[in-house]
Amino acid sequence: VMVQKLAEYQPGEAKKATKSKKSVIVRSELRNTLIQGDAELALAELPAESVDLVFTSPPYFNARPDYTEYAAYEEYLGKMRRIIQQGHRLLAEGRFFVMNVSPVLIRRTDRNSASRRIAVPFDLHRLFIEEGFDFIDDIIWEKPSGAGWATGRGRRFAADRNPLQYKAVPVTEYVLVYRKRTDKLIDWNIRNHHDQEAVQRSKVADGYEQTNIWRISPSYSKFHPAIFPTELAERVIRYYSFEGDVVLDPFGGSGTTGKVAYGLKRKFVMTELDPDYVDLMRRDLSKIMLEKDAAEVLCIGCNPIDPSGSLL
């Protein structure tokens with residue numbers, strides 16, 4: 001069934017701006033959901049225009065041999081295009097798709113070969129535009145100066161100081177912001193939201209980040225090689241959604257997006273292929289959710305969350 005639904009959705013269908021006659025935006029019927037399975041197939045099962053924000057950090061292409069499933073870069077981009085297509089189908093009119101991504105370093109295989117850096121964000125930008133999104137912002141996530149030395153870049157120059165050898169130590173990642181193309185202004189999304197009280201409760205307080213440089217320390221986990229910080233998820237979800245909205249993360253990983261969405265009174269939908277990461281998400285969610293809420297999480301392809309360890 002999932003394959004059939006996916007086949008029915010053809011590339012390029014989403015390229016034109018949406019022209020809607022809707023005067024009131026309908027509340028999504030989705031509830032907190034955790035899906036174990038391939039994101040591409042799982043998303044094809046969800047109803048159209050049922051999501052209010054997509055926020056994700058896709059797997060790095062060939063970042064680690066044990067954390068990739070793509071033999072060629074073109075295969076990786078093809079997968080990302082299909083996820084972007086599904087994101088467009090699932091997003092409500094005029095809502096946002098935010099992606100945390102960075103260039104990746106392909107290490108040299110021997111002393112006679114050179115390492116190679118791939119500008120993944122710029123290739124993904126092209127896909128977003130081709131698949132019916134408007135570019136809104138390029139936010140720069142800046143980490144502390146020592147965070148990039150683990151990549152190995154800059155060490156040779158630091159030792160020899162020869163011109164031409166200079167390579168900057170990477171301490172930034174992109175947070176790319178796109179809006180589903182529509183003829184409606186953003187004010188339309190605000191005025192026609194189905195819950196105007198939630199709109200008022202969701203107003204962003206003083207102290208918000210005013211520039212596109214976000215200085216946030218990275219997070220680390222012994223359970224996952226590439227988690228993004230809670231603070232990063234908090235900013236994105238606060239700035240691009242309202243209370244009660246549905247936030248989708250197609251690459252759920254350790255579950256940061258879902259945990260933050262729940263804490264900010266949003267609903268989450270997360271898909272994840274790795275059963276170990278799904279188990280991690282289930283355990284962590286059971287610790288932070290109210291018992292009633294944990295029991296109501298829809299789990300597809302995995303065991304339900306055990307509410308016994310949840311808050312009363």
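Values reported hereafter were calculated over all heavy atoms of this structure, with side chains retained and with hydrogens, waters and symmetry mates removed. Quick caveat: nothing in here was measured; it's all calculated off a predicted structure.
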Is the backbone of [Y] close enough, under 3.5 Å, to the side chain of [X] for a donor and an acceptor to pair up by distance?
X: Lys180; Y: Gly94; answer: no
X: His194; Y: Val26; answer: no
X: Arg181; Y: Ile129; answer: yes
X: Asn192; Y: Trp188; answer: yes
X: Ser28; Y: Ser50; answer: yes
X: Arg89; Y: Leu46; answer: yes
X: Asp123; Y: Val120; answer: no
X: Asn162; Y: Gln165; answer: no

Cationic N near anionic O, under 4.0 Å, Asp52 to Arg95: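 Here Asp52 pairs with Arg95 in a salt bridge, since their nearest N and O are under 4.0 Å apart.
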Salt-bridge contact Asp306-Arg283 (side-chain N to carboxylate O under 4.0 Å):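 A salt bridge is absent here (no side-chain N lies under 4.0 Å from a carboxylate O).
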How far does [atom1] of [X] sit from [atom2] of [Y], to the nearest 0.5 angstrom?
X: Leu30; Y: Leu298; atom1: CG; atom2: CG; value: 9.0 Å
X: Thr271; Y: Ile300; atom1: OG1; atom2: CD1; value: 10.5 Å
X: Glu272; Y: Asp279; atom1: CD; atom2: CG; value: 11.0 Å
X: Arg82; Y: Leu77; atom1: CZ; atom2: CG; value: 10.5 Å
X: Ile305; Y: Glu291; atom1: CD1; atom2: CD; value: 12.5 Å
X: Leu176; Y: Met99; atom1: CG; atom2: CE; value: 8.0 Å

Quick one: list whatever passes side chain to side chain contact (heavy atoms under 4.5 Å, CB included) with [X], sequence neighbours left out.
X: Phe122; result: Ala119, Tyr174
X: Asp276; result: Asp274
X: Ile213; result: Ile140, Glu142, Thr211, Arg215
X: Arg201; result: Asp195, Glu197, Ala198, Glu243

Trace of the salt bridge (charged side-chain N to carboxylate O under 4.0 Å, His left out) decision for Arg31 with Glu296: CA-CA 8 Å; Arg31 55 173 165 158; Glu296 292 178 350; over 6 Å; no
Pairs satisfying salt bridge (charged side-chain N to carboxylate O under 4.0 Å, His left out), at least one member in residues 261-271, at least two apart: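 Those involving residues 261-271 do not exist here.
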Any residue meeting ring pair (Phe, Tyr, Trp, His ring centres under 6.0 Å) with Tyr166, in chain and number order, not counting sequence neighbours: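 Tyr166: ring pair (Phe, Tyr, Trp, His ring centres under 6.0 Å) contacts with Phe157.
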Residues forming a ring pair (Phe, Tyr, Trp, His ring centres under 6.0 Å) with Tyr239, sequence neighbours excluded: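 Per chain and number, Tyr239 pairs via ring pair (Phe, Tyr, Trp, His ring centres under 6.0 Å) with Trp214.
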Hey, does [Y] have a side-chain heavy atom less than 4.5 Å from the side chain of [X]?
X: Leu34; Y: Arg282; answer: yes
X: Val297; Y: Thr33; answer: no
X: Pro250; Y: Met270; answer: no
X: Arg81; Y: Arg126; answer: yes
X: Phe242; Y: Ile190; answer: yes
X: Val175; Y: Leu232; answer: yes
X: Val278; Y: Met281; answer: yes
X: Asp38; Y: Lys79; answer: yes

If the condition is side-chain hydrogen bond (donor to acceptor under 3.5 Å, both in side chains), which residues does [X] pass it with, not counting sequence neighbours?
X: Asp138; answer: none
X: Asn100; answer: Ser57, Glu173
X: Gln196; answer: none

Stepwise side-chain contact (heavy atoms from CB on, under 4.5 Å) check, Leu91 with Val54: CA-CA 8 Å; Leu91 275 170; Val54 181; 3.9 Å; yes
Pair listing, ring-ring contact (aromatic ring centres under 6.0 Å, His included) test, anchored in residues 92-120, at least two apart: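 As it turns out, the ring-ring contact (aromatic ring centres under 6.0 Å, His included) pairs with a partner in residues 92-120, which skip direct neighbours, are Phe96-Tyr240, Phe97-Phe128, Phe97-Phe133.
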Determine the minimum heavy-atom distance between [X] and [Y], stating which atoms define it.
X: Gly253; Y: Tyr277; answer: O-CB, 3.3 Å
X: Pro304; Y: Cys299; answer: CA-SG, 3.8 Å
X: Leu90; Y: Pro47; answer: CD2-O, 3.2 Å
X: Val171; Y: Pro144; answer: CG1-O, 3.7 Å
X: Leu285; Y: Lys259; answer: CD2-CG, 3.9 Å
X: Ser254; Y: Leu280; answer: CB-CD2, 3.8 Å

Any side-chain donor near an acceptor of the partner, Tyr178 and Asp137, under 3.5 Å: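 Tyr178 vs Asp137: no donor-acceptor pair found between side chains.
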Verdict with supporting geometry, Glu231 and Arg235, salt bridge (charged side-chain N to carboxylate O under 4.0 Å, His left out): CA-CA 6 Å; Glu231 185 177 354; Arg235 291 188 188 186; 2.8 Å; yes
Residues clustered with Leu185, ILVMFWY side-chain links under 4.5 angstrom: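 Members other than Leu185 - counting any ILVMFWY side chain reachable under 4.5 Å - there are none.
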Sub-6.0 Å ring centroid separation between Phe251 and Phe55: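 Not under 6.0 Å, so no.
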Chi angles and distances behind the side-chain contact (heavy atoms from CB on, under 4.5 Å) call for Glu130, Ile84: CA-CA 10 Å; Glu130 290 175 356; Ile84 291 169; over 6 Å; no
Check against side-chain contact (heavy atoms from CB on, under 4.5 Å), Thr182 and Arg179: CA-CA 8 Å; Thr182 177; Arg179 185 177 183 232; 3.6 Å; yes
Pair Leu290-Tyr262, side-chain contact (heavy atoms from CB on, under 4.5 Å): steps then yes or no: CA-CA 10 Å; Leu290 295 174; Tyr262 178 77; 3.7 Å; yes
